[in-house]
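Computed from heavy atoms alone, side chains included, the values below leave out hydrogens, waters and symmetry copies. Reminder, nothing fancy here: chain letters follow the sequence lines and each chain counts from 1.
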Amino acid sequence: MLARLASKRLLEIRQAFHQSPQTVRSLSTALNYHIDTPDNNSKAPWEFNEANKPKVSEILSHYPSNYKQSAVIPLLDLAQQQHGGWLPVSAMDAVAKVVEVAPIRVYEVATFYSMFNRQKVGKYHLLVCGTTPCMIRGSRDIEDALLNHLGVKRNEVTKDGLFSVGEMECMGCCVNAPMITVADYSNGSEGYTYNYYEDVTPKRVVEIVEALKRGEKPPRGTQNPDRINCGPAGGNTTLLGEPKPPPCRDLDAC
Amino acid sequence: MGLGSLASRALRSSSSSRVLSTNPRYNLIRTIVSTPELHKPEAAAESASEPDLPKRTPVAGARVHFPNPDDVIEVFVDGYPVKIPKGMTVLQACSVAGVDIPRFCYHDRLSIAGNCRMCLVEVEKSPKPVASCAMPALPGMKIKTDTPIAKKAREGVMEFLLMNHPLDCPICDQGGECDLQDQSMAFGSDRGRFTETKRSVVDKNLGPLVKTVMTRCIQCTRCVRFASEIAGVQDLGMLGRGSGEEIGTYVEKLMTSELSGNVIDICPVGALTSKPFAFKARNWELKGTETIDVTDAVGSNIRIDSRGPEVMRIVPRLNEDINEEWISDKTRFCYDGLKRQRLSDPMIRGADGHFKPVSWRDALAVVAEVVHQVKPEEIVGVAGKLSDAESMISLKDFLNRMGSNNIWCEGNEKNQDADLRSSYLMNTTISGLEKADCFLLIGTQPRVEAAMVNARIRKTVRATHAKVGYIGPPTDFNYAHDHLGTTPETLTAIAAGTHPFSATLAAAKNPAIIVGAGVFSRKDNSAIFSLLNSLPSKFKNLITPEWNGLNTLLLNAAQAAALDLGLVPQSDSLDSAKFVYLMGADDTNLDTLPKDAFVVYQGHHGDKGVYRANVIFPSTVFSEKEGTYENTEGCVQQTVPAVPTVGDAREDWKIIRALSEVCGVRLPYDSIGGVRSRIRNVAPNLLRVDEREAAVFSGLFGGGGGKVSAVPFGVTVENFYMTDAITRASKIMAQCSALLTKK
């Protein structure tokens with residue numbers, strides 16, 4: 001009896017340890033070192049296109065001429081938009097040339113920020129918030145729904161090149177958790193959008209993906225029809241009257 | 001910081017507590033006496049603040065220099081008052097007070113990063129421990145380095161550092177000289193709480209010199225800062241963030257710096273270690289010999305670590321005036337050339353053209369017979385670029401006794417002025433270059449000719465944005481420079497004041513002009529030197545009582561001493577020579593030598609000189625002999641034998657002394673002391689070891705006038721990694737020149 005109990009308990013303990021360890025969360029889309037591929041190598045020529053060149057000089061004009069390197073993040077962002085959502089190493093080299101620093105100083109910045117994708121992403125890069133409030137509200141299920149629907153792994157691009165799914169840190173929408181972000185690189189840097197879709201459900205994200213596939217632009221913001229922005233479902237329940245002025249001050253006298 | 005200093009700290013603190021207990025003030029029974037202190041409380045406060053603790057000595061002889069007496073502030077380190085200049089950090093204040101703060105990322109010669117947090121100390125009225133390396137000391141600051149808070153902070157930091165650090169000390173080359181090992185013994189906990197999986201990082205390929213085991217890296221960024229600040233190559237960076245952070249180059253890139261080996265020394269853990277030294281020896285089984293380097297004219301201070309008869313590695317030694325604490329890759333990694341292609345027995349070339357080992361007696365007899373058959377004016381002696389002063393004076397004395405004065409040292413040319421020391425020395429001194437605010441480099445590529453001098457110029461340019469003008473062929477610089485031209489005519493224009501750089505030079509307070517030793521071999525060298533001689537009259541600041549800005553940058557270790565000893569050729573041609581004595585001379589062109597000339601090669605390596613030799617005398621390399629060398633700034637230093645000689649080899653001066661006896665012209669010295677007494681008669685400055693003897697007549701550059709030619713300046717050192725017999729024999733240097741030199 002005791003032996004059976006003990007063995008049962010042992011099995012439980014063993015199972016607890018055998019639980020598949022949490023998959024490693026890779027926030028960035030790439031490794032911290034570069035591997036040459038045909039579409040991503042230092043020899044491939046890359047430069048800002050004619051439409052973006054005025055933007056480059058506009059960005060540079062925000063900073064003193066002796067601190068050109070301050071422009072590295074906005075320029076990387078612009079380069080990423082121009083290059084369909086990701087930064088090949090030659091684009092980083094081009095930015096380094098513009099801000100007049102050694103390429104490694106640009107690589108440092110690009111590898112630090114997970115929003116810079118150093119690997120190919122889809123035209124619509126879907127980013128699922130994985131931070132605690134969203135996770136508690138079911139972001140793992142949303143990610144699974146997306147991955148299953150698209151038939152890809154995380155940071156993998158679908159065969160048609162339209163979608164890729166990644167994870168990101170808190171975007172400050174915790175009140176409407178869970179949320180995903182759709183970075184839309186389908187129209188270059190002019191039509192670039194970065195929209196939040198909040199209060200999503202596994203069913204709703206699939207609908208959003210299908211709408212995007214059809215070329216529609218689903219309305220951004222909360223996906224709960226009962227809510228307006230981040231107000232409560234079914235209208236406000238509190239703070240209904242006019243706000244009272246602070247008792248210490250007569251606002252009318254101002 | 002070693003364990004020894006930690007142990008001594010522990011001893012010191014226990015002795016100080018003993019002093020406290022014997023102090024009468026702390027006795028329980030006190031007699032009541034009326035003292036002035038009772039009547040004057042402020043006086044009492046003063047005397048109370050006076051510490052009666054034993055005086056501490058600053059860490060590693062840390063010195064305080066007060067540039068401005070008004071900027072002195074006083075801080076208290078563990079209760080000891082210490083006076084420091086304004087702007088010092090808390091960590092520096094502690095080292096002046098004799099407290100060594102543990103650190104990983106902080107390095108005296110690099111910018112402050114403040115990211116390892118190991119140097120946390122408690123500061124009174126500060127809510128949390130402060131990183132002492134990045135915190136400027138403020139007046140009256142009360143720093144506490146031994147309190148429970150400071151200890152706990154260190155222990156916590158250590159636990160975090162060890163979290164992802166592999167437990168591979170037994171197979172790590174840094175073991176035994178690892179900062180992390182030492183400091184975790186001294187400040188760490190005996191257990192950690194980390195139970196997750198340790199991270200691992202992909203190793204990087206930085207070239208044939210630096211081996212990387214990036215999993216061991218603790219992200220102190222010393223190597224990144226060294227590469228970008230001292231070496232001037234922007235290759236290394238900190239990639240990624242958080243626990244995924246790693247040091248790397250991002251794209252596959254070798255570290256192509258001539259100073260890359262120094263990252264091995266500054267890495268506090270075993271992440272960057274020496275590739276040639278990997279798994280060869282443990283540092284505690286090595287015998288260190290403090291000596292100097294002879295592969296260039298800088299005379300970098302090194303320590304040769306040897307095990308038995310083998311040189312295992314070379315590491316730098318601190319000398320603020322010459323190499324600070326860096327050495328070039330050539331200095332550090334040429335050591336495998338010391339054991340390859342060595343000549344171990346005297347040899348005579350037989351009739352069949354092959355060398356046959358013979359006894360010393362036979363070899364000397366053959367040479368003595370031949371030397372008496374030639375006319376004195378047909379005898380020529382050439383000292384190699386690695387020769388020490390003792391052997392050069394012996395060779396000169398010997399050939400003089402044979403009736404010839406046709407003897408010179410490689411790199412020195414016929415028209416050269418050996419009478420004026422200022423014409424061949426770096427008169428500004430290497431450390432003096434830091435005061436310069438304008439450089440003019442003429443026909444010299446300091447990066448390959450003297451990497452440590454180049455590092456000094458780079459340091460100055462970085463610190464003060466000094467202007468650098470360069471006349472010579474296009475070359476690599478790791479600092480901003482103006483390429484003014486390629487021919488001496490540019491120099492003529494500067495001297496005449498028609499060149500835009502003349503205004504820069506005239507406006508400079510401490511201008512420094514550096515002429516490369518490659519200029520010696522030019523046909524118009526005397527014209528160039530007389531042109532340079534005219535510069536001080538045009539640029540008044542070039543030579544003042546406090547400043548001498550006219551410099552020559554020599555190429556070889558033997559050059560300065562050879563000129564001091566007067567080894568200047570009467571005629572530098574070998575056309576009519578019948579007897580040539582090559583003392584380690586491998587870079588002398590022997591093409592014009594008559595076919596029937598008899599060549600004696602005395603040297604340590606089977607290098608170029610051996611091909612033409614008739615007799616070989618094996619001699620010793622710098623790691624096996626005691627020899628005097630004078631570096632390019634005129635500082636005399638001596639090598640110390642670290643390992644025994646190879647085979648039947650003898651020291652150079654002994655061979656010549658023996659030969660002179662067989663020839664019947666016995667040299668009057670039997671010991672190295674005797675040779676040095678002889679040197680005293682010729683060049684007494686060569687006996688003042690570790691001292692720099694400045695040239696007496698400053699600003700006299702000699703030169704016989706004439707017109708400069710339009711021939712562009714040439715490249716003096718084609719391959720940085722292979723310049724002499726030792727480096728040419730080295731396998732590591734061969735790898736470097738194959739992989740790292742610019743094609």
Side-chain angles (χ1 to χ4, degrees), chain A residues 16-17 19-37 40-44 46 66 69 72-73 76 87-97 99-119 130-131 155 167-169, chain B residues 111 113 115 164 194-206 212-215 217 219 221 223-257 260 263 271 458 462 465 476-480:
Chain A
F17 274 100
Q19 262 177 3
S20 60
Q22 201 188 70
T23 46
V24 180
R25 294 174 65 207
S26 64
L27 290 171
S28 174
T29 54
L31 300 163
N32 278 343
Y33 52 91
H34 169 76
I35 295 168
D36 270 354
T37 55
N40 187 7
N41 59 67
S42 319
K43 295 199 178 64
W46 198 98
N66 54 336
Q69 64 266 40
V72 66
I73 291 176
L76 280 174
L87 285 168
V89 68
S90 47
M92 295 188 242
D93 291 346
V95 171
K97 206 170 270 174
V99 297
E100 292 162 14
V101 294
I104 184 72
R105 301 281 96 86
V106 177
Y107 305 150
E108 282 179 325
V109 174
T111 52
F112 186 87
Y113 293 104
S114 54
M115 295 83 149
F116 292 128
N117 307 312
R118 286 168 291 114
Q119 228 170 38
T131 310
N155 293 329
E167 187 184 314
M168 66 178 174
E169 293 298 328
Chain B
S111 64
N115 55 4
N164 275 321
F194 184 70
T195 53
E196 321 289 311
T197 329
K198 290 193 182 227
R199 71 165 195 160
S200 59
V201 182
V202 178
D203 292 344
K204 312 292 185 292
N205 179 12
L206 292 184
T212 62
V213 185
M214 295 318 281
T215 308
C217 179
Q219 281 81 39
T221 71
C223 52
V224 177
R225 284 174 284 147
F226 176 84
S228 58
E229 289 164 20
I230 310 271
V233 288
Q234 306 266 352
D235 283 343
L236 288 176
M238 176 69 104
L239 304 166
R241 70 190 294 178
S243 61
E245 202 171 51
E246 57 187 83
I247 301 283
T249 51
Y250 194 66
V251 288
E252 176 93 34
K253 203 172 187 183
L254 306 182
M255 206 175 161
T256 52
S257 166
S260 65
V263 298
R458 181 180 152 76
R462 231 181 88 81
H465 298 286
D476 256 4
F477 275 95
N478 49 7
Y479 39 85

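No part of Thr197(B) comes within reach of chain A, as not one of its non-hydrogen atoms sits under 4.5 angstrom from that chain. Interface remark: Val202(B) contributes side-chain atoms only to the contact with chain A (heavy atom separation under 4.5 Å).
Closest heavy-atom contact between Tyr250(B) and Val89(A): CE2-CG2, 4.0 Å. Between Glu246(B) and Tyr33(A) the shortest heavy-atom distance is OE2-CD2, 4.0 Å. Closest approach of Met238(B) and Thr111(A) over heavy atoms only: O-OG1, 4.4 Å. Scanning all heavy atoms of the two residues, the minimum distance from Gly237(B) to Glu108(A) falls at CA-OE2, 3.1 Å.
Annotation: maximal heavy-atom pairing with chain A below 4.5 Å, among Val224(B), Val201(B), Val251(B), occurs at Val251(B). Among Lys204(B), Lys253(B), Arg241(B), the residue with the largest count of heavy-atom pairs under 4.5 Å with chain A is Arg241(B).
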Before giving the answer on side-chain contact (heavy atoms from CB on, under 4.5 Å), spell out for Leu239(B) and Tyr107(A) the whole-Å C-alpha distance, their side-chain angles and the decisive distance to 0.1 Å.
-> CA-CA 7 Å; Leu239(B) 304 166; Tyr107(A) 305 150; 4.0 Å; yes

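Around atom NZ of Lys97(A), no more than 12 heavy atoms belonging to other residues, nucleotides or ligands sit under 6.0 Å away.
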